[in-house]
Amino acid sequence: MGYDIVFKDVRLVDGSGKPARAADLAVEGDRIARIDAPGLIPTGDARHVIDGQGAVLAPGFIDTHTHDDRAVLIDAEMMAKISQGVTTVVTGNCGISLAPLTLSKPPPAPLNLLGDQTSFVFESFADYAEAIAHTQPAVNVAALIGHGTLRVRTMDDITRPATPTEIDKMRRLLRQSLAEGAIGFSTGLFYPINEAADADEVVALAELLADFNGIYATHMRDEGRGVMDSIEETILTAKRANTAAVISHHKCAGPENWGRSVETLAKIAAAAKTQPLGLDAYPYAASSTVLNPKYVRDDIRIMVSWSDAVPEAAGRELSEIARDWGCTAKEAAERLQPAGAIYFQMDEADVRRILAFPLTMIGSDGLPHDRHPHPRLWGTFTRVLGYYCREEGLFPLEEAVRKMTGLPAERFGLSERGYLREGYAADLVLFDPLSVRDCATFESPREISEGILCVVVNGALAWRPGDEHVQRHGRLLRHAV
Ligand code: ZN
Ligand code: CU
């Protein structure tokens with residue numbers, strides 16, 4: 001019997017950052033079986049032979065920052081991600097995870113970004129893991145447990161610090177979840193459900209990670225004026241907890257902070273010399289989260305991404321809505337509640353500096369349930385490859401791919417993934433480096449990218465352009481402990 005799939009006439013960009021090279025690659029079962037010089041792998045009795053015609057074959061992309069906890073269950077084909085070449089998503093970021101939590105009343109923001117109360121049905125992480133196994137989404141899932149989720153589960157009043165008893169309960173839940181297959185822990189210290197937690201509370205939880213080889217990811221307390229203090233807090237927290245850390249969607253938010261990525265990256269680089277520290281970023285100068293009147297300011301453009309009170313407001317500018325209603329933007333934000341928004345609050349030069357920084361991984365932070373989502377949901381990876389890499393020359397293609405594959409696989413401890421190596425998992429993406437590009441825009445955010453030619457997940461063909469359906473071969477990725 002021959003191989004299951006043979007890719008021939010492809011250029012391998014292997015995830016390490018090393019120069020592309022011509023080679024053939026064969027897949028058997030769910031693994032990369034052989035990599036050899038062009039023409040050396042027999043194709044005679046292979047089940048599928050894919051002629052790449054000189055296109056690039058890379059490890060499947062790892063979306064390091066997602067809120068796909070529920071999307072992988074209810075939208076299991078995950079077209080938004082598969083169509084960009086993403087084969088693994090890291091869920092549970094920003095302190096919000098779907099499990100372990102059941103709810104009998106509406107979830108407080110930003111937990112409502114994941115769904116309404118009927119969506120929170122997983123008493124334990126094991127229950128969630130079982131749902132993933134049962135559904136089998138198109139992408140692999142590596143899950144973080146959110147601090148906000150644990151607080152909502154264990155505390156009657158989330159606006160205060162947790163008591164020792166509550167911390168104990170959260171520790172038990174986190175330890176159990178890690179034992180059941182979660183790969184780490186996240187905070188969203190910026191948000192109302194999480195901000196009352198001081199560094200001691202975070203350390204009491206994050207220190208459990210060491211035994212599980214886990215990772216700590218944080219949406220920091222402050223990405224604006226206080227960004228340097230927040231980076232310091234993250235560094236100290238990770239050091240005290242003896243854990244690797246990831247600064248989520250790094251940015252310098254608000255016009256008064258534009259340009260400060262020079263300082264922030266210098267601080268991160270210095271700390272990373274003595275402790276495991278990384279960061280993720282998306283390739284846009286606009287962020288997106290819940291709409292909170294407190295985040296509204298007149299000097300930045302704000303677009304509504306969803307509103308339960310006024311659904312048709314999605315996709316409209318907040319300032320225009322306010323004008324129509326004859327009120328201030330803050331008042332309009334109040335009337336739209338609960339709601340989400342896109343904030344045009346970053347500096348393009350910062351975005352580029354952060355993306356190009358060697359420790360930066362690519363993470364979409366896409367919000368899959370928004371009525372009018374930020375285009376990062378459908379376009380992050382192809383925008384990095386097309387716009388920032390090819391058109392703007394921000395970095396070589398090999399470096400762009402490393403930021404999406406090898407680097408995140410190492411950082412998140414996803415063993416035997418992220419690189420094209422014999423014996424490694426066959427998560428693969430074939431793309432045309434000359435035409436790959438994002439098509440999603442702020443006006444029309446759900447457009448499929450161009451130039452992704454073939455996606456393989458765990459050794460099976462998942463999607464090719466024109467395929468109406470995605471074949472689902474993803475699984476929950478656990479840590480080898
Ligand atoms: Zn966040
Ligand atoms: Cu996020």
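Computation of the quantities below employed the complete heavy-atom set of this structure, encompassing side-chain atoms and omitting hydrogens, waters and symmetry-equivalent molecules. In this chain, numbering begins with 1 at the start of the sequence shown. Whatever order the structure lists ligands and atoms in, that order sets their numbers, starting from 1.
Using modelled atom types, one side-chain atom of T64 and one backbone atom of I362 make a donor-acceptor pair closer than 3.5 Å.
Ring planes of Y128 and F125: tilted class, angle from 30 to 60°.
When distances from the Zn ion (ligand 1) to the N, O or S atoms of H219 are compared, ND1 comes out shortest. The atom of H65 that is an N, O or S and sits closest to the Cu ion (ligand 2) is NE2. Per residue D365, closest N, O or S atom to the Cu ion (ligand 2): atom name OD1.
Residue contacts to the Zn ion (ligand 1): H65 brings no N, O or S atom closer than 2.8 Å.
Between H374 and H372, a ring centre-to-centre spacing not shorter than 6.0 Å is recorded. With ring centers used as reference points, Y282 lies 6.0 Å or more from H65. Here the two rings, on F190 and Y295, have centers that are under 6.0 Å apart.
Here the angle at the Cu ion (ligand 2) defined by SG in C94 and NE2 in H67 stands at 110°, rounded to 10 degrees.
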